[in-house]
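Take a look at the structure below.
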Amino acid sequence: MQKRNELYRGKAKTLYSTDNPELLILEFRNDTSSGNGIRIEQFDRKGIINNKLNSFFMMKLEEAFIPTQIEKLLSDNEVLVKKLKMFPVECILRNRIAGSLSKRLGMEEGVILNPPLFELFLKNDAKHDPMINESYCNTFNWVSTKDLEKIRELTYNINNILVNIFNSVDLILVDFKLEFGLFKGEVILGDEVSLDVMRLWDKTTMNKMDKDRFRQNLGGLIEAYEAVAYRLGVNIY
Ligand code: ATP
Ligand code: TYD
């Protein structure tokens with residue numbers, strides 16, 4: 001597999017073309033952003049840890065018959081993926097109140113949401129990723145009704161799988177963000193499933209083990225990511 005041109009440099013990952021027009025290389029960098037890129041810092045080893053954890057989660061999802069972009073782990077910070085036509089939306093699933101939901105509704109962090117909440121945000125940094133709904137997706141042709149139904153079903157299934165994985169190592173999956181795209185007409189999970197795009201709390205101490213350590217200046221970001229990888233038995237070295 002030949003790496004060709006840089007196609008896109010996002011806030012945390014870079015996309016490269018390959019000699020196969022159907023495949024891309026996703027490179028996980030050490031850059032860590034918050035507030036839609038207002039604050040960016042580098043953390044040694046974060047790219048490696050997220051790349052390895054992303055592959056671990058996507059493989060687990062594949063085993064559970066969730067269609068994902070993953071083809072092959074290529075190196076410490078690169079993975080070969082299917083080139084998707086991404087939907088311009090971020091899908092958020094919440095098992096407990098936290099973050100923007102807590103702020104928006106003035107509700108206490110940690111309250112269990114039953115059933116879990118499914119939210120949609122438009123991918124638009126300039127407009128700070130505004131919240132949208134199914135009607136917007138339909139009217140503005142961002143996602144068809146049929147594809148959105150599939151995305152919603154997949155997101156709830158992915159939640160069940162991830163909750164079980166984390167529960168078995170005494171972690172609470174509070175919420176997470178997913179991005180989907182189309183590959184030959186099929187809805188596929190793209191982007192990443194890593195500690196940058198989810199909230200994870202320790203079941204006993206309720207300590208935050210995710211990117212909130214950076215967002216809230218708690219310190220120990222990489223130590224927390226390493227501890228999660230260790231509990232899951234994922235080799236990050
Ligand atoms: P955000 O953090 O809001 O997603 P970003 O573009 O800065 O924005 P990065 O994760 O740095 O985020 O960049 C990765 C980009 O690659 C995203 O725009 C994502 O939608 C896109 N992408 C992810 N997976 C694939 C894929 N399999 N095929 C095509 N594009 C993809
Ligand atoms: P949310 O509480 O809406 O936003 P914030 O992180 O600003 O408080 O985020 C819910 C979950 O989705 C959380 O685990 C972070 C993740 N997320 C992303 O990874 N990227 C995003 O652009 C957004 C809006 C959320």
Side-chain angles (χ1 to χ4, degrees), residues 6-18 20-40 46-47 50-51 54 58 67-72 77-105 107 109-110 113 116-132 142 155 158-159 162 166 172-184 186-201 208-216:
E6 180 177 315
L7 296 179
Y8 175 79
R9 187 180 166 90
K11 294 188 287 292
K13 301 194 290 301
T14 309
L15 259 66
Y16 296 89
S17 60
T18 69
N20 182 335
E22 293 187 343
L23 301 178
L24 293 177
I25 292 175
L26 268 188
E27 179 194 272
F28 288 74
R29 306 197 313 273
N30 288 339
D31 295 325
T32 308
S33 70
S34 72
N36 264 327
I38 288 171
R39 189 175 149 223
I40 298 183
K46 201 203 64 148
N50 276 353
N51 184 37
N54 174 61
M58 292 228 178
T68 81
Q69 65 182 0
I70 203 104
E71 288 285 316
K72 191 172 153 209
N77 57 0
E78 295 165 311
V79 63
L80 187 66
V81 298
K82 292 184 181 70
K83 180 177 182 167
L84 309 182
K85 190 172 181 304
M86 299 301 288
F87 296 110
V89 300
E90 303 197 327
C91 309
I92 290 183
L93 197 292
R94 300 177 185 273
N95 293 306
R96 292 187 185 233
I97 295 179
S100 72
L101 178 66
S102 167
K103 286 195 202 98
R104 195 172 348 114
L105 300 185
M107 289 182 180
E109 256 203 8
L113 297 163
L117 264 181
F118 175 76
E119 296 176 344
L120 291 166
F121 293 85
L122 180 67
K123 270 179 74 78
N124 184 330
D125 280 349
K127 292 287 168 205
H128 306 290
D129 293 353
M131 193 176 190
I132 55 168
W142 291 327
T155 303
I158 291 167
N159 184 46
L162 294 179
F166 288 123
I172 298 170
L173 179 61
V174 173
D175 57 30
F176 58 91
K177 184 267 299 180
L178 300 176
E179 292 181 29
F180 293 87
L182 285 175
F183 186 75
K184 300 180 180 173
E186 190 192 358
V187 175
I188 304 263
L189 176 64
D191 203 48
E192 69 181 295
V193 180
S194 78
L195 304 188
D196 272 9
V197 298
M198 60 177 70
R199 288 194 168 93
L200 270 186
W201 296 348
K208 297 178 197 286
M209 311 286 285
D210 53 65
K211 208 169 99 173
D212 267 355
R213 302 207 70 83
F214 171 71
R215 293 188 194 96
Q216 300 174 6

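Whatever order the structure lists them in is the order used to number ligands and atoms, beginning at 1. Just so you know, residue 1 is the first one in the sequence shown, and it goes up from there.
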Could you tell me the separation between the CG atom of Leu26 and the CG atom of Leu15, rounded to the nearest 0.5 Å?
-> 5.0 Å
Contacting atoms of ligand 1, where contact means under 4.0 angstrom from a heavy atom of Lys82 = 26 (C), 27 (N), 28 (N)
If every non-hydrogen atom of Phe87 is compared with every non-hydrogen atom of Trp142, which pair is closest and at what distance?
-> CD2-O, 3.6 Å
Put together the list of close N/O pairs, under 3.5 Å, between ligand 2 and the protein, could you?
from	atom 1	to	atom 2	distance (Å)
ligand 2	2 (O)	Arg94	NH1	3.4
ligand 2	2 (O)	Arg94	NH2	3.4
ligand 2	2 (O)	Ser100	N	2.9
ligand 2	2 (O)	Ser100	OG	3.4
ligand 2	2 (O)	Arg199	NH1	3.0
ligand 2	3 (O)	Arg94	NH2	2.7
ligand 2	3 (O)	Ser100	OG	2.6
ligand 2	6 (O)	Arg199	NH2	3.3
ligand 2	6 (O)	Arg215	NE	3.4
ligand 2	8 (O)	Ser100	N	3.3
ligand 2	8 (O)	Arg199	NH2	2.9
ligand 2	14 (O)	Asp175	OD1	2.6
ligand 2	14 (O)	Arg199	N	3.4
ligand 2	22 (O)	Glu90	OE1	2.8

Step by step, work out the salt bridge (Lys or Arg N to Asp or Glu O under 4.0 Å) result for Glu119 and Arg104.
-> CA-CA 13 Å; Glu119 296 176 344; Arg104 195 172 348 114; 3.5 Å; yes
Close approach of Arg9 to ligand 1, heavy atoms, under 4.0 angstrom | no
If we only count heavy atoms from C-beta on, is the Met198 to Val193 side-chain gap below 4.5 Å?
-> yes
Does Asp210 use its side chain to pair, donor to acceptor, with the backbone of Leu200 at less than 3.5 Å?
-> yes
What atoms of ligand 1 come within less than 4.0 Å of a heavy atom belonging to Val81?
-> 27 (N)
Kindly determine whether Glu71 and Lys82 satisfy salt bridge (Lys or Arg N to Asp or Glu O under 4.0 Å), including the steps that lead there.
-> CA-CA 7 Å; Glu71 288 285 316; Lys82 292 184 181 70; 3.0 Å; yes
For Ala12 and ligand 1, answer yes if some heavy atom of the residue is under 4.0 Å from a ligand atom, otherwise no.
-> yes
Is the closest basic N to carboxylate O distance between Arg199 and Glu109 below 4.0 Å?
-> no
Ignoring hydrogens and geometry, is there a side-chain-to-backbone donor-acceptor pair from Gln69 to Ile188 under 3.5 Å?
-> no
May I ask you to check if ligand 1 and Leu84 share an N or O to N or O distance below 3.5 Å?
-> yes
Mark up the atoms of ligand 1 that fall under 4.0 Å of a heavy atom belonging to Leu24, in ascending order.
-> 28 (N), 29 (C)
Can you pull out the closest protein heavy atom to atom 16 (O) of ligand 1? Residue, atom name and distance to 0.1 Å, please.
-> Leu15 CD1, 3.1 Å
Taking distance alone, with no angle check, do Asn36 and ligand 1 share an N/O pair under 3.5 Å?
-> no
Output, in order, the C-alpha distance, side-chain angles, deciding distance and verdict of salt bridge (Lys or Arg N to Asp or Glu O under 4.0 Å) for Asp31 and Arg9.
-> CA-CA 11 Å; Asp31 295 325; Arg9 187 180 166 90; 3.7 Å; yes
Check: Asp191 N/O within less than 3.5 Å of ligand 1 N/O | yes
Run the numbers for me: atoms of ligand 1, each under 4.0 Å from some heavy atom of Gln69, listed by number.
-> 24 (N), 25 (C), 26 (C), 27 (N)
Within reach of ligand 1, part of Met86 (heavy-atom separation under 4.0 Å) = side chain
Can any side-chain N or O of Asp129 pair as donor or acceptor with the backbone N or O of Asn124 at less than 3.5 Å?
-> yes
What distance separates Arg94 CZ from Phe176 CZ, expressed to the nearest 0.5 Å?
-> 11.0 Å
Nearest candidate to atom 1 (P) of ligand 1, where distance is taken over non-hydrogen atoms, out of Glu192, Lys177, Lys123 = Lys123
If we only count N/O pairs under 3.5 Å, is Glu179 in contact with ligand 1?
-> yes
Smallest separation among heavy atoms of Lys46 and Arg29, with atom names = CE-O, 3.8 Å
Numbered in order shown, the ligand 1 atoms found under 4.0 Å of a heavy atom of Lys11 are 1 (P), 2 (O), 3 (O), 5 (P), 7 (O), 8 (O), 9 (P), 11 (O)
